[in-house]
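Okay, structure first, notes after.
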Amino acid sequence: MKRAERSHRSLEGIAARQYGLVSRRQALETLSVAAVSRRVGTGEWTIVLPSVYRLPGVPVTWRQRAMAATLWAGETGVASHTAAAALWGLDGVDRRAVEITTPRRLRAAGVVVHNGDPVPEADRSARHGIPCTSATRTLVDLSAVLDEESFETAMEDAFRRRLTTPARLQWRLEQVGGRGRAGTR
């Protein structure tokens, strides 16, 4: 098997796990800059976000958009807030915005970026293969963006499904909440 064919199959495997997407960094691990530029230039690959490409024949979905945002944000980015709530399937959260938290200063249409410190490993998880905040951290973040009734519905759902506990949520609020953090009071 030729090197180019192996590279193509390797990228297809990565894309299959990422809703048809590859990051520029991933592409450059197996292809040259010229090969990546050629695929983008001919329209074989579609630019979804800066340095994130969709391979041909893959339908656009909400999960794909969430994965694209986390690939764009890099290793430190995770789906958060209402996007993480949607990935966890929490009741009471109807919005399906693509929201990420990252320390990088990013801006793109269709993605809500929350800047701050990198999300600690203890607050990171993955749902449906997409890096996101843990259920506990998601509730902390939701407290700042949801109305009280919707937040209580999401929280009760997380407790009922044993995604977190009241004690764990209280502990996490004490760690990351407090003065200056919206919704945690």
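For this chain, numbers begin at 1 and follow the sequence in order. Note that the structure is predicted; figures quoted are calculated from it, not measured.
At least one side-chain heavy atom of Leu142 sits less than 4.5 Å from a side-chain heavy atom of Thr82. For the pair Val36 and Trp45, the minimum side-chain heavy-atom distance is below 4.5 Å. In this structure, Glu99 and Asp141 have side chains that are not in contact, with every pair of non-hydrogen atoms separated by 4.5 Å or more. Considering only heavy atoms from C-beta on, Arg172 stays 4.5 Å or farther from Thr164 through its side chain. Between Arg104 and Val113, every side-chain heavy-atom pair lies at or beyond the 4.5 Å cut-off. Residues Leu169 and Phe159 have side chains in contact (heavy-atom distance under 4.5 Å, counting atoms from C-beta outward). Contact of the Gln18 side chain with the Ser23 side chain is not registered, since no non-hydrogen atoms from C-beta on lie closer than 4.5 Å. The shortest distance between side-chain heavy atoms of Arg124 and Glu121 falls below 4.5 Å.
Distance check: His114 NE2 to Leu106 CG gives 12.5 Å after rounding to the nearest 0.5 Å. Annotation: the span from Leu11 atom CG to Tyr53 atom OH amounts to 11.5 Å, rounded to 0.5 Å. For the atom pair Leu173 CG and Arg168 CZ, the distance stands at 11.5 Å (nearest 0.5 Å). The line from CD of Glu152 to CG of Asp147 is 9.5 Å long, rounded to the nearest 0.5 Å. In this structure, Leu163 CG and Arg127 CZ are separated by 7.0 Å, a value rounded to the nearest 0.5 Å. To the nearest 0.5 Å, the span separating CD on Glu29 from OG on Ser10 amounts to 8.0 Å.
For the pair Asn115 (side chain) and Thr101 (backbone), a donor-acceptor distance under 3.5 Å is absent. Panel note: side chain Gln64, backbone Pro59; a donor-acceptor pair is recorded below 3.5 Å. Not a single donor-acceptor pair under 3.5 Å links the side chain of Trp62 to the backbone N or O of Ala83.
Cluster annotation: Val140 is connected to Phe151 through the hydrophobic network of ILVMFWY side chains, with a link wherever side-chain heavy atoms come within less than 4.5 Å. Leu87 and Val78 fall into different hydrophobic clusters, where Ile, Leu, Val, Met, Phe, Trp and Tyr are joined by side-chain heavy atoms under 4.5 Å apart, directly or via other members. Residues Val22 and Val52 fall into different hydrophobic clusters, defined by Ile, Leu, Val, Met, Phe, Trp and Tyr side chains chained together at heavy-atom separations under 4.5 Å. Under a hydrophobic clustering in which Ile, Leu, Val, Met, Phe, Trp and Tyr are joined whenever their side-chain heavy atoms come within less than 4.5 Å, directly or via other members, Val40 and Val48 fall into different clusters.
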Open item on the list: Before you tell me yes or no, could you show the steps for Ile130 and Tyr19 under side chain to side chain contact (heavy atoms under 4.5 Å, CB included), namely the whole-Å CA-CA distance, both residues' side-chain angles and the distance that decides it to 0.1 Å?
Closed with: CA-CA 10 Å; Ile130 301 169; Tyr19 301 91; 3.8 Å; yes
- [ ] Show your working on side chain to side chain contact (heavy atoms under 4.5 Å, CB included) between Val33 and Arg24 and close with a plain yes or no.
- [x] CA-CA 9 Å; Val33 171; Arg24 182 171 180 80; 3.7 Å; yes
TODO: Please report the C-alpha distance between Arg161 and Leu90 in whole Å, then the side-chain angles of each, then the deciding distance to 0.1 Å, and finally whether the side chain to side chain contact (heavy atoms under 4.5 Å, CB included) criterion is met.
DONE: CA-CA 9 Å; Arg161 292 172 43 211; Leu90 295 178; 4.1 Å; yes
- [ ] Apply the test side chain to side chain contact (heavy atoms under 4.5 Å, CB included) to residues Ile100 and Trp72: give CA-CA distance (whole Å), side-chain angles for both, the deciding distance (0.1 Å), then the verdict.
- [x] CA-CA 10 Å; Ile100 60 172; Trp72 173 53; 4.3 Å; yes
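Within a 6.0 Å sphere centred on CD1 of Ile47, other residues, nucleotides and ligands contribute 12 heavy atoms or fewer. With a 6.0 Å radius and a threshold of 12 heavy atoms from other residues, nucleotides or ligands, Asp117 has its CG atom at or below the threshold.
Considering all non-hydrogen atoms of both residues, Gly77 and Thr102 come closest at CA-CB, 4.1 Å. Contact detail for Ala35 and Leu31: the closest heavy-atom pair is CB-CB, 4.0 Å. Taking every heavy atom of both residues into account, Gly110 and Val98 meet most closely at O-CB, 3.8 Å. Nearest heavy atoms, Ala79 versus Thr70: N-CG2, 3.5 Å. Between Arg137 and Pro120, the closest heavy-atom pair is NH1-CD, 3.8 Å. Arg160 approaches Asp91 most closely through the heavy-atom pair NH2-OD2, 3.1 Å.
Evaluation of the ring pair (Phe, Tyr, Trp, His ring centres under 6.0 Å) rule for His128 yields no partner, not counting sequence neighbours.
Donor-acceptor pairing under 3.5 Å is recorded for the side chains of Thr133 and Thr138.
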